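In this chain, residues are counted from 1 in sequence order. Atoms within a ligand are numbered from 1 in the order they appear, just like the ligands themselves. Quantities reported herein were computed from a predicted structural model and do not represent experimental measurements.
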Amino acid sequence: MKPIPSDGAPVPAVLVMPRTAPAPRIAVLGAGGFIGSHLVPALLGRGAAVDAVDVNLQRLADVSHERLRRIEARIDAPGLLDELTARADVVFSLTALCNPALYNTRPLEVIDASYTDLVPLVKLCAARGRWLVHLSTCEVYGKVALDSGGRPTEHMHEDETAMFLGPVHKERWSYAAAKQLLERVIWAHGHHAGLPFTLVRPFNVIGPRMDFLPGVDGEGIPRVLASFIHALMTGEDLALVDGGGQRRSFLAVAELVEALCLVLDRPQHCRGEILNLGNPRNDVTIRALGEAIAAAYRAARPAAPPAHFREVTAAAFYGDGYDDSVVRVPSIEKAERLLGWRPVETLPEMLPAIVADYVARYEPLLAAAPRAVRGSGGA
Ligand code: UGA
């Protein structure tokens with residue numbers, strides 16, 4: 001089968017399910033994660049019946065709906081994927097260990113979660129003709145954007161940019177390599193074995209309920225948003241890995257979910273496609289992100305001590321084998337064209353609600369926590 005082209009035709013009006021049609025059944029694997037917990041209520045709001053699967057569905061504790069079925073299980077539980085793909089019209093696959101602190105410390109689990117455990121899902125969806133919407137990652141592009149000839153470019157393009165990962169001993173890239181191989185497996189099933197699929201590459205999505213705070217509801221190093229908020233709430237320094245000059249483009253989770261719902265509305269445009277979902281206008285250095293989060297925290301808690309930054313080497317912070325993306329800016333021309341979607345939320349617009357969420361959830365827990373978790377308050 002030839003690739004399904006994006007034909008450049010104008011995007012049609014939203015294809016909303018007629019009220020009389022049976023509700024589409026959507027399986028969301030990884031429903032209890034950060035993105036899943038925002039996606040599930042949106043799908044229910046659109047009239048879908050949702051099978052929400054995760055080892056822990058705590059983030060969906062407040063969501064109740066007659067069309068929501070909760071399944072607390074690992075996706076490799078015997079028979080589970082078989083049952084889910086037999087029932088579902090669409091499968092959203094979001095399970096992964098997507099925290100960089102794990103890529104060089106628990107690489108075998110990272111590779112299994114992003115590749116090995118998901119190959120059976122791809123095969124079942126292909127055999128049954130289920131539409132697989134798989135959330136891959138911007139990490140597949142690697143350290144910087146390069147064109148197919150290896151020349152630097154500004155933006156990462158789904159169908160043109162080369163993938164520039166580091167050497168094997170730089171285990172940071174274990175996750176990207178596993179994700180990339182699964183993308184290739186999905187692509188091959190789609191273009192040679194009839195699998196209806198869409199591959200999505202989110203770029204640094206942030207929002208309420210992201211990650212964990214160390215010592216409170218998780219251990220280790222969370223991603224940068226939670227890491228900085230934890231430092232602010234405990235009076236610790238914000239750690240700038242290798243100086244914080246590296247850049248990321250941040251997208252509000254609500255805008256990601258909006259785009260995922262538009263994918264569902266436009267199967268004829270999105271099947272067989274890879275889509276970057278990010279906001280190139282929110283491209284900032286990690287230091288600038290830290291300053292913006294600190295400003296939002298200070299607005300929420302004016303009596304808090306001023307934020308301090310501390311530069312730390314990647315090896316000291318993450319251990320050997322860590323490596324980093326230097327700059328990561330998506331081209332979203334394709335998503336804009338196929339979905340009629342354009343993210344607009346700026347960091348100063350999204351950060352107050354994110355900080356408010358962390359403060360409301362964690363302040364009482366931190367107040368009750370031992371001093372080691374609360375931090376020493378030192379600069
Ligand atoms: C991660 C995942 O690997 C991606 O798959 C995912 O798409 C992305 O997060 C995401 O949030 O969407 P990365 O951007 O490197 O990629 O993750 P973070 O841990 O948030 O780190 C961002 C940058 O901040 C890195 O350069 C890191 O070294 C730095 N950082 C992190 C700090 O300077 N201080 C910290 O306390 C934590």
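The existence of a salt bridge linking Arg130 and Asp89 is excluded, since no basic side-chain nitrogen approaches an acidic carboxylate oxygen closer than 4.0 Å.
For ligand 1, the protein residues placed under 4.0 Å by at least one non-hydrogen atom are Cys98, Pro100, Tyr103, Thr137, Cys138, Glu139, Arg172, Tyr175, Pro202, Asn204, Val205, Met210, Arg223, Val224, Ser227, Phe228, Ala239, Leu240, Val241, Gln246, Arg248, Ile286, Phe317, Tyr318, Tyr322, Asp324, Arg328.
The distance from the CZ atom of Phe317 to the CG atom of Leu240 is 9.5 Å, given to the nearest 0.5 Å. From Ile206, atom CD1 reaches atom CG of Leu347 across 5.5 Å, with rounding to the nearest 0.5 Å.
For the side chain to side chain donor-acceptor pair (under 3.5 Å) condition, the pairs that include at least one residue of residues 240-254, sequence neighbours left out, are Gln246-Asp324, Arg247-Asp283, Arg248-Asp324.
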Kindly list each side-chain donor-acceptor pair under 3.5 angstrom involving residues 135-143, sequence neighbours excluded, with atom names and distances?
from: Ser136; atom 1: OG; to: Glu183; atom 2: OE2; distance (Å): 2.5
from: Thr137; atom 1: OG1; to: Glu139; atom 2: N; distance (Å): 2.9
from: Glu139; atom 1: OE1; to: Arg172; atom 2: NE; distance (Å): 3.2
from: Glu139; atom 1: OE1; to: Arg172; atom 2: NH2; distance (Å): 3.4
from: Glu139; atom 1: OE2; to: Arg172; atom 2: NH2; distance (Å): 2.4
from: Glu139; atom 1: OE2; to: Arg328; atom 2: NH2; distance (Å): 2.8
from: Tyr141; atom 1: OH; to: Glu158; atom 2: N; distance (Å): 3.4
from: Tyr141; atom 1: OH; to: Arg201; atom 2: NH1; distance (Å): 2.7
from: Tyr141; atom 1: OH; to: Asn276; atom 2: OD1; distance (Å): 2.7
from: Tyr141; atom 1: OH; to: Asn276; atom 2: ND2; distance (Å): 3.4
from: Lys143; atom 1: NZ; to: Asp323; atom 2: OD1; distance (Å): 3.1
from: Lys143; atom 1: NZ; to: Asp323; atom 2: OD2; distance (Å): 2.8

For residues 207-216, dump all side-chain donor-acceptor pairs below 3.5 Å to protein atoms at least two apart in sequence or in another chain.
from: Arg209; atom 1: NE; to: Ser37; atom 2: OG; distance (Å): 3.0
from: Arg209; atom 1: NH2; to: Ser37; atom 2: O; distance (Å): 3.1
from: Arg209; atom 1: NH2; to: Ser37; atom 2: OG; distance (Å): 3.4
from: Arg209; atom 1: NH2; to: His38; atom 2: ND1; distance (Å): 3.4
from: Arg209; atom 1: NH2; to: His38; atom 2: NE2; distance (Å): 3.4
from: Asp211; atom 1: OD1; to: Arg223; atom 2: NE; distance (Å): 3.3
from: Asp211; atom 1: OD1; to: Arg223; atom 2: NH2; distance (Å): 2.9
from: Asp211; atom 1: OD2; to: Arg223; atom 2: N; distance (Å): 2.9
from: Asp211; atom 1: OD2; to: Arg223; atom 2: NE; distance (Å): 3.1

